Structure formats: structure tokens, C-alpha cells
Protein chains: 2
Amino acid sequence: MSTDEPRWLDDDEQEAWLALVSTGTRLPAALDRQLQRDAGISHFEYQVLAWLSMSPERTLRMSALANFVDGSLSRLSHTAKRLEKEGWIRRTPDPANGRYTLAVLTDQGWDKVAAAAPGHVAEVRRLVFDPLTKAQQKQLRQIGRRISNAIGPDNACPATTND
Amino acid sequence: MSTDEPRWLDDDEQEAWLALVSTGTRLPAALDRQLQRDAGISHFEYQVLAWLSMSPERTLRMSALANFVDGSLSRLSHTAKRLEKEGWIRRTPDPANGRYTLAVLTDQGWDKVAAAAPGHVAEVRRLVFDPLTKAQQKQLRQIGRRISNAIGPDNACPATTND
DNA sequence: GCTTTTGAGTTGAAAGTTCAACCAATCGTG
DNA sequence: CACGATTGGTTGAACTTTCAACTCAAAAGC
């Protein structure tokens, strides 16, 4: 953008960066593969079902759900249509305020997440936690929080002030 | 998969996991936004151009390039068609072995990356390195390497054995 | 109280990605 | 040296995601 030389990445930064980009594309891909293979759903769809399953009444407003899964409302709407067609969720206008839409996990939806969860958790463990020491897991938590803060708000995890 | 209870994530793991997923989806999105806004290309396209620009003769075989950018050959082929249409790359059959295809960065392609790079590097710095201490940057490098190893081969960064 | 504005959500078309089928060149093997 | 198997790459169709336009309900102005 500006005309003066930017501060390029040094070798260490470069290596960290390449590793991060590579992991950032390959980890989601790996999770998608596992879920697609064992449950026939994408990681995004899984997250939608999972967040609903953890919510009171198994219910969330579409916009809240979109925030949790870090997706656009439009993307969520299309996905919700597919999930609804499968019978895993239902959508109803919020009786308390007609311009909100509530997404509700159905019983079949619950069964679906319940069936998919163990395999998914095992994969997360295998790829992320098992290869790390306890100390590294803690470091990862702190690092993730800092980068997430830098990216900005819209965060699923409520802001924790301590780093 | 198996019928016995899986080992669920404890609270600390859960938090680390949510942070990682959130960062893993929002960081690429943020990079895409910056590049799209300032250069009119996606992060994936940028990576293609960048890897070519760093390669001898500004040339790489399609399959090698696909590995570097962690994408399928098909995806790369479609992308290459678009980049070629813009005049940023050329494709020719490898004279040495007719079943390989060489992707070559053109002069305009070089100019394109050169123009996009400073803004992109600045964004990477802002989002990833500036918020971290030197120690955390080192930790991130090690953690990334371990997770990357767990995911498996096909890695852009040549395998480094020390953790 | 009627109109304008704002915000949540949906929709359809365009762009991008994946999937499976395909082509073409090389390698192996008899 | 011929023929099937393999490998690198492309293509088109199906699917997903994005983008911009639109709908509808609640709030805000006046």
C-alpha cells in the first residue's frame, strides 16, 4: 500500500507463518474429511448442530448461531435449509419478537450429533491435543486468544480479559 | 465410532479448541478480506502467485504448486485458468517430460504479487505476530509443526525433525 | 398514528470448489 | 516393442459459498 519498504518477515517468522497457514488450511480439511466419511456432514454443519445441542432448549436465534459458528447469516440460512430438509432442525419465528428466527434442534438432530460427536472428538484429540504437551496446550490457548482478539470482535468465546 | 464412551474434552481443552476453531476460520477470512479489498484476489490466488515468485525461474509444476498451497490439483487447475486469463501466469507442457505442466509467473504476475505483498505482510504482522511475545511466536512455531505432523504429510514446509 | 429507518433473515444468481470422469503421456512388463 | 497400468492434468456437472437485492417486522421520527 504505502510506498516505503514494508517490514518483511524474518526467517523464524516466515517459518511460523508457513506452518500456520498450512495448518490453518489442512486442519479444517482433515476435520471435514473425517466427518464427511463417518457422518456424511461437513464441519460447518456439525458445528451448527453441536452449538444447538449445547444451548438451552436446544434453541438459538439464527444471528446468534451465525456468530457462534463464525459464518455469514446467508451461509447459515442456506445451510439451515439443508439441515431442515434432513429433519435435523426446525425454524420458527420467535413468538416473543417476530423479526427473529429461532432454530431448534429436533430429536433426530440430537441423535445425529450424538452419533457424530465421539468420532469427531477423537479426531480433534488425535490431531490437536495428543501431539502437544500440557504446557503447549496452555500456550495454544493463550496464543489463540491473542490472535482472536487482534482479528476483532464477533467472537464465539466470550471475551476473557486475562491473557 | 466405537460403542464405549469417548474421552470428552475437559474445560481447558474445550476452551483451547473453541479458540482454535474460531481462529482457524476467522484468520483466513480476514486475510481474504484484506487481499480482496486491496488487490482484488483471494488468499489462495495470492499464495499461488507468491510461491511461483519465490521459485527458481518463477516456475513450478502444477502438482508441486498444488502441494505448496495445500489445494487439490483440480482446484489449482481452475484457479490457474483464471490467473492465466488475467495474464499473471502461463502454462506450458514441460519440455523435459510431456505429462507435466509448468506454471510460469509472467512479468505482470510478478508486478501483481509485488504490489500485493506489502499490504498482505502488514496484515499478517498485525493479526498474528504483533499481538504475540517473542516467546509465544516460538511456541506457535513448535505447536504448528506438531499439529502439522499429526495431520500427515503433503506438507509445504520440508519436514523438520526437531520439535 | 403514519411514515421512514433499521435490523434479521431469506432468496437467486454469480463465483468458487469438489467430485468423478476423462485424456494423454510415460512407465513396466512380458 | 506393444499393451495395460499409472500418473499428471483438465473438464463439466453438482454442490457450496458469496454477494446483492429483497421482504418483513420492530423502532424511531415527526
Side-chain angles (χ1 to χ4, degrees), chain A residues 24-26 28-37 40-48 52 59-86 89-104 153-154, chain B residues 24-26 28-37 39-49 52 59-86 88-104 154:
Chain A
T25 63
R26 304 200 308 137
L31 296 175
D32 261 330
R33 262 197 309 282
Q34 182 272 321
L35 280 168
Q36 203 65 251
R37 172 166 47 78
I41 59 179
S42 70
H43 184 225
F44 187 76
E45 293 169 325
Y46 176 83
Q47 285 186 91
V48 169
L52 285 175
T59 298
L60 281 173
R61 294 216 310 251
M62 289 293 282
S63 44
L65 188 47
N67 260 326
F68 283 131
V69 300
D70 296 311
S72 69
L73 205 39
S74 173
R75 181 183 184 186
L76 178 59
S77 182
H78 283 298
T79 301
K81 198 189 314 177
R82 295 190 285 267
L83 297 179
E84 204 166 30
K85 197 173 302 175
E86 298 283 346
I89 71 170
R90 252 180 320 109
R91 279 181 292 181
T92 62
D94 186 341
N97 184 333
R99 76 176 152 183
Y100 298 138
T101 302
L102 299 179
V104 186
D154 248 11
Chain B
T25 63
R26 302 200 308 137
L31 296 174
D32 260 328
R33 262 197 308 282
Q34 182 273 320
L35 281 167
Q36 204 65 252
R37 171 166 47 80
I41 59 178
S42 68
H43 185 226
F44 187 76
E45 293 169 326
Y46 176 83
Q47 284 186 93
V48 169
L49 299 177
L52 284 175
T59 298
L60 281 173
R61 295 215 309 252
M62 288 293 281
S63 45
L65 188 47
N67 260 328
F68 284 131
V69 299
D70 296 312
S72 69
L73 204 40
S74 173
R75 181 183 184 185
L76 179 59
S77 181
H78 285 296
T79 302
K81 198 189 316 177
R82 295 189 286 267
L83 296 179
E84 203 167 31
K85 197 173 303 174
E86 297 284 345
W88 295 330
I89 71 170
R90 252 179 322 107
R91 279 180 293 180
T92 61
D94 186 340
N97 183 335
R99 76 175 153 184
Y100 298 138
T101 301
L102 299 179
V104 187
D154 249 8

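Values in this document were obtained by computation on a predicted structure and should not be read as measured data. Both backbone and side-chain heavy atoms feed into the values below; hydrogens, waters and symmetry mates do not. First the proteins, then the strands, lettered A, B, ... as listed; each starts at 1.
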* Could a donor-acceptor pair under 3.5 angstrom be found where the side chain of B:Ser72 meets the base of C:dC19? -> no
* With the side chain of B:Arg99 defined as its heavy atoms from C-beta on, choose the nearest nucleotide among C:dT10, D:dT7, D:dT10. => D:dT7
* Please give, in whole Å, the distance from C:dG9 C1' to A:Glu84 CD? -> 13 Å
Without placing hydrogens or testing angles, list every side-chain donor-acceptor pair under 3.5 Å for residues 95-104 of chain A, not counting sequence neighbours.
| unit_1 | atom_1 | unit_2 | atom_2 | d |
| --- | --- | --- | --- | --- |
| A:Asn97 | OD1 | A:Arg99 | N | 3.3 |

* Asked: Which part of the nucleic acid does B:Arg91 contact within heavy-atom distance under 4.0 Å: base, sugar-phosphate only, or nothing?
  -> sugar-phosphate
* Considering only heavy atoms and no angle criterion, is a donor-acceptor pair shorter than 3.5 Å present between the side chain of B:His78 and the base of D:dG9? -> no
* Asked: Any side-chain heavy atom of B:Arg91 within less than 4.5 Å of one from B:Lys81?
  -> yes
* Ignoring backbone atoms, establish whether A:Arg33 has a side-chain N or O less than 4.0 Å from OP1 or OP2 of C:dT18. => no
* **Presence of donor-acceptor pair under 3.5 Å, side chain of A:Ser77 and base of C:dT11** => no
* Contact class for A:Thr101 vs. all strands (heavy atom < 4.0 Å): base, sugar-phosphate, or nothing? -> sugar-phosphate
* **Between D:dT18 (P) and B:Arg37 (CZ): distance, integer Å** => 17 Å
* To do: Would you kindly give the CZ-to-C1' distance between B:Phe44 and C:dA15, to the nearest whole Å?
  => 15 Å
* Which nucleotide in the list C:dG7, C:dC27, D:dG9 gets nearest to the side chain of B:Asn97? -> C:dC27
* **Residue met sooner reading DNA chain C from 5', once A:Ser63 and A:Gln36 are mapped to nucleotides** => A:Ser63
* For B:Ser74, which contact category applies under a 4.0 Å heavy-atom criterion: base, sugar-phosphate, or nothing? -> base
* To do: Rounded off to whole Å, could you give me the NE2-to-C1' distance for the A:His43 and D:dT17 pair?
  => 17 Å
* Asked: At what distance, to the nearest 0.5 angstrom, does CZ of A:Phe68 lie from CG of A:Leu52?
  -> 10.0 Å
* Any residue meeting ring pair (Phe, Tyr, Trp, His ring centres under 6.0 Å) with A:His78, in chain and number order, not counting sequence neighbours -> none
* To do: Take atom NZ of B:Lys81 and atom C1' of D:dG9, then tell me their distance rounded to the nearest Å.
  => 12 Å
* Rounding to a whole Å, what distance do you find between B:Tyr100:OH and D:dT7:P? -> 11 Å
* D:dG8 P sits how many Å from B:Asn67 CG, rounded? -> 10 Å
* Structure fact -> Rounded to whole Å, the NZ-C1' distance (B:Lys85 to C:dA15) equals 12 Å
* Atom CD1 of A:Ile89 and atom CD of A:Glu45: how far apart are they, to the nearest 0.5 Å? -> 10.0 Å
* To do: Let me know, please, whether A:Thr79 or B:Ala64 comes out on the 5' side of the other along DNA chain D by nearest nucleotide.
  => B:Ala64
